[in-house]
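Right, one structure below, let's go through it.
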Amino acid sequence: MSQEFQMEKTFQPQEKEQQIYQEWERSGAFTAQRVEGKKPYTIVMPPPNITGQLHMGHAVDVTIQDILIRFHRMLGDPTLWLPGTDHASIATENRIVEQMRKEGLTKEGIGREAFLERAWEWKEKYGGQITQQLRRMGASCDWSRERFTMDAGCSRAVSEVFVKLFEQGLIYRGERIINWCPVCRTALSDIEVEYEEQHAHLWYIRYPAEDGGEGVVVATTRPETMLGDTGVAVNPEDKRYLHLIGKKLMLPLAGRVLPVVADAYVDPEFGTGAVKMTPAHDPNDFEISKRHNLAILRVMNDDGTMNEAAGADYQGLSAMDCRKLVLQRLKEQGYLVNTQDYTHSVGSCSRCHTTVEPLISEQWFLEMAPLAKPAIEAVREGQITFYPDRFAKTYFNWMENIRDWCISRQLWWGHRIPAWYCQTCEKVIVAREAPDTCPDCGSIRLHQDEDVLDTWFSSALWPFSTLGWPDQTEDLQYFYPTSTLATGYDIIFFWVARMIFSGIAHMGQVPFDTVLIHGIVRDEQGRKMSKSLGNGVDPLELIETYGADALRFSLVLGVAPGADMRVSSERSEAARNFANKVWNASRFVLMNLDGVPGAIEPKLLRTPEKWILSRLNQAIRQVTNHLKGNDLGLAAQTIYDFAWNEFCDWFIELSKGDLFDGTPERKAQARAVLYQVLSAVLRLLHPFMPFLTEMIYKQLPGHEQDSCMLSPWPLENEAYSFKDEEQQMEGVMDMIRAIRVVRQELKVQPGHRARVLLKPKPGWAERLTTAEPYFQRLAGAASLQILPPDAQVAEKTVSAVGLIGEALMPLGELVDIEKEIARLEKEAQTLEAEISRSRGKLANEGFVKKAPPALVEAEKEKIAQNEGMLETVTHRLRELRQ
RNA sequence: GGGAUUAUAGCUCAGUUGGCUAGAGCGCCACGUUGACAUCGUGGAGGUCGUUGGUUCGAGCCCAAUUAAUCCCACCA
């Protein structure tokens, strides 16, 4: 062991991780370089909101992207991972309002300008916090290119797009029924509304005829809206109501006169077959009313209270209070004819969970159909691939039924809509820069629209706005379109779909070729993590306890693409244990090296060395292919298995003989192989566990000045493909396992060393001439003696039967004949069952004729092996029974 | 109402174009301080891959039906 050797006995991630990250960042290695003629690998990071803390969703996002980025960096691709943050208009504004409320302040009280100042202060404070936390995860992104959705460049892109779409007629302003959140006091888009089933009532109310006749009974879930009714609709085919069509009804409480109209939309089977029309507060009523020219009467204020039009008795009441009063009055006056329990879904604001009110309002909309069409085609034609591909269906399903997007928000924090209204001539001016005068009348009395844009309007431009668009920057030309977009399935609609149509519309090219979708993180009980449940697991805490590498590894190992995952401390613990295993294997190798090992001499290699090198080749191939195929879980599993089961459990143990007691020549080869395999393992593992691997890599003799992150990805080496040695090792390992089983079943003390007399199958004797140390080290053998096939052993022995022959161990008084017979009988049974299974397969003509020849051969081989073992076992049994 | 997903060891989950004598981690049982690691080692028990049909030489994997659970979308008052 060298003097300066210094590795702790267990892996202690906490101390070193941040230091390593700082070194990486300082070195400039994250900064992307454009290399002409070389295809770059680019990811734009889904920008986390500046509202707060890193959560598990970010942790998954970041881990997946960082794995891909580090992999491609090591492959030698020019690699850009562009980070940034999102202003998160409504989420941030709510948080600031909340903060102000605690100080006794209101938005309106301090005014727009002061509010925006506070918002920018917030951004400075918390925007930096989350990017620091991304660093804790090990995210190797290019901070020199960090962007913010509201920085000058991104804002310019937003204006540019808005103006362009307006000029194309795709952005328009209009009065429509929108989803209104009375608490956030803003319009919402359809996907910002979450629906859930609620137990409610269906109230049946009589609307008498104008002349005092019976009229009709209507059913409603929202009786308070009757104050805004302007008609009643029935189905034109409905015989019950034919006589009323065109007649007038009297609206109870309000006393207004309502026309009865006929519209095919009305389902005669539902309720009473007569529907009250509240065009200002229901999207269907709005549509029907437009067809029949019914009046539109809005009875609710922006804060969810009833307005003047609702009537003096109701003005100022909340919708709920109004409902109670309306029902009471209807009851008193005899109009309420029935009340039914009823379950229906009610929409709530995805931000504050207040019930949204559909109401008519003048807003800005983006017409979707013309944008959606090419975006659907692009995915259909394969310009973009979804992984797993089923999410393409989700995408199609949404895009094919898409409705216009309400893009204006009655908020202050965000991109202010670049529209100005002339207060003299009422012209609407949409422009990139604030105009001085009205182009029509020359007036200088211009007023900018008060609203801001939906946060996702700017996110939709992220893949190109961050690269400098609308300028044709070198970055934009080189890095666009980007490569992979990794995100959770919960934001396919919010973000992925919108980036796709925006990229096509403004860049003429799709924004990325691959969409890698992951699931959401759940708690140990499988529940969604949420603030209200308080079941969120803090990734930073896990980093503190287990290290960032363990957290990262636990988020990909054993996780199928697109599948939800549960976090549990067991998972992190398992990953931490693996990190420790790698640490200790490295520690062992480093302890036993003496400077930089010499080259591997293929001619001097022994079987286990050829075996591990050959197996390494396969591991490299599999990990590489899995990573290229976006199967991160399988890639992680492959490294895990190779490093732990093959390298640690077998190879390191097998190398000890040479390392401790070998000739100088043998020692040198053992060192060289250990060094080479360890180096490859570290590099294969680096994308998953960057800190650990970097720490160890720098300790490898000869690599003190190198970075694992920047070292080349391991390649398969044809010269190290040794099929025969792999087979040999399989045989040896099988024999060793067989001996271990026998020893444990007979309860042989581990310290009790037994002579092993091995009767090999034909062809194996000469391959086992140097195997003694392996049996000594791993099978508790005192010695290994190879017997001729016909040798008679006089001593009382137990027998372990393996693929390559029979191992006899004189265990003296330990041998319990009865036990031994029982054990062998069981073994014989297993073998017989297996042989008959194989026979059955081969007896099947179809199998022999149609299955691949290699498979048929393998089956025959199995029979031969199993028969050989069975023969040995039965022979042995005969001897014992004598 | 439409679409999708899941159902594999006690628990949590892998299983890439059908070839599996079905794996891992945790848990369980037994043994273990042999010069990297008890955050470890060795061995073991434990599954008719939800159910029923079908395609195929061959099905955990493909098809159909069925049961159960979950999720998303949808304007039925």
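Just so we're on the same page: letters track the sequence lines, and every chain starts at 1.
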Is the phosphate of B/rC13 approached by A/R566 (side-chain N or O, under 4.0 Å from OP1 or OP2)? yes
When only distance counts, do a donor and an acceptor, one from the side chain of A/R576 and one from the base of B/rU39, lie under 3.5 Å apart? yes
Can you tell me which residue among A/F688, A/F642, A/F553 is in a ring pair (Phe, Tyr, Trp, His ring centres under 6.0 Å) with A/F578? A/F553
In whole angstrom, give the distance that lies between atom CD of A/E570 and atom P of B/rG10. 18 Å
May I have the distance from A/M733 (atom CE) to B/rG41 (atom C1'), rounded to whole angstrom? 17 Å
Pairing partner (Watson-Crick or G-U wobble, both distances under 3.5 angstrom) of B/rU51: B/rA65
Between B/rU48 and B/rA22, how many Å separate the two P atoms, rounded to a whole number? 12 Å
What interatomic distance, in whole Å, is found between C1' of B/rU6 and the corresponding atom of B/rU42? 37 Å
When both hydrogen-bonding distances must be under 3.5 Å and the geometry is Watson-Crick or G-U wobble, what is B/rA4 paired with, if anything? B/rU70
For the P atoms, the ones on B/rA74 and on B/rC11, what distance do you get once it is rounded to whole angstrom? 37 Å
Run the salt-bridge test on A/R571 and A/E524 with the 4.0 Å N-O cut-off and return the result as yes or no. no
Has the side chain of A/Q744 got a donor or acceptor that lies under 3.5 Å from a partner of the other kind on the base of B/rU42? yes
Side-chain N or O of A/N584 less than 4.0 angstrom from OP1 or OP2 on B/rC40? no
Between A/F647 and A/F651, how do the two ring planes meet: parallel, tilted or perpendicular, split at 30° and 60°? parallel
So, under a plain 3.5 Å distance rule, would you say the side chain of A/Y265 forms a donor-acceptor pair with the base of B/rC75? yes
Quick one: does A/E8 reach the base of B/rA36 with a side-chain donor-acceptor pair under 3.5 Å? no
Could you state the atom-to-atom distance from CZ of A/F642 to P of B/rG23 in whole Å? 21 Å
Could you tell me how far B/rG15 sits from B/rA38 if I compare only their P atoms? Round to whole Å. 33 Å
Can you say whether a donor on the side chain of A/K9 sits under 3.5 Å from an acceptor on the base of B/rA38, or the other way round? no
Less than 6.0 angstrom from the centroid, inside 45 degrees of the normal: does A/R323 satisfy that with respect to the ring of A/W203? no
Strand partner of B/rU21, provided both Watson-Crick or wobble distances fall under 3.5 Å: none
Give the rounded distance in Å between these two atoms: CG of A/D641 and P of B/rG15. 13 Å
Nearest-Å distance, NZ (A/K826) to C1' (B/rG43)? 12 Å
Say you pick atom C1' in B/rG60 and the same atom in B/rA14; how far apart are they, in whole Å? 12 Å
Sticking with atom P, work out how far B/rG23 lies from B/rG46, rounded to a whole angstrom. 14 Å
B/rU17 and B/rG43: how far apart are their C1' atoms, nearest whole angstrom? 37 Å
Whole-angstrom distance between B/rC13 and B/rC73, as gauged at atom C1': 28 Å
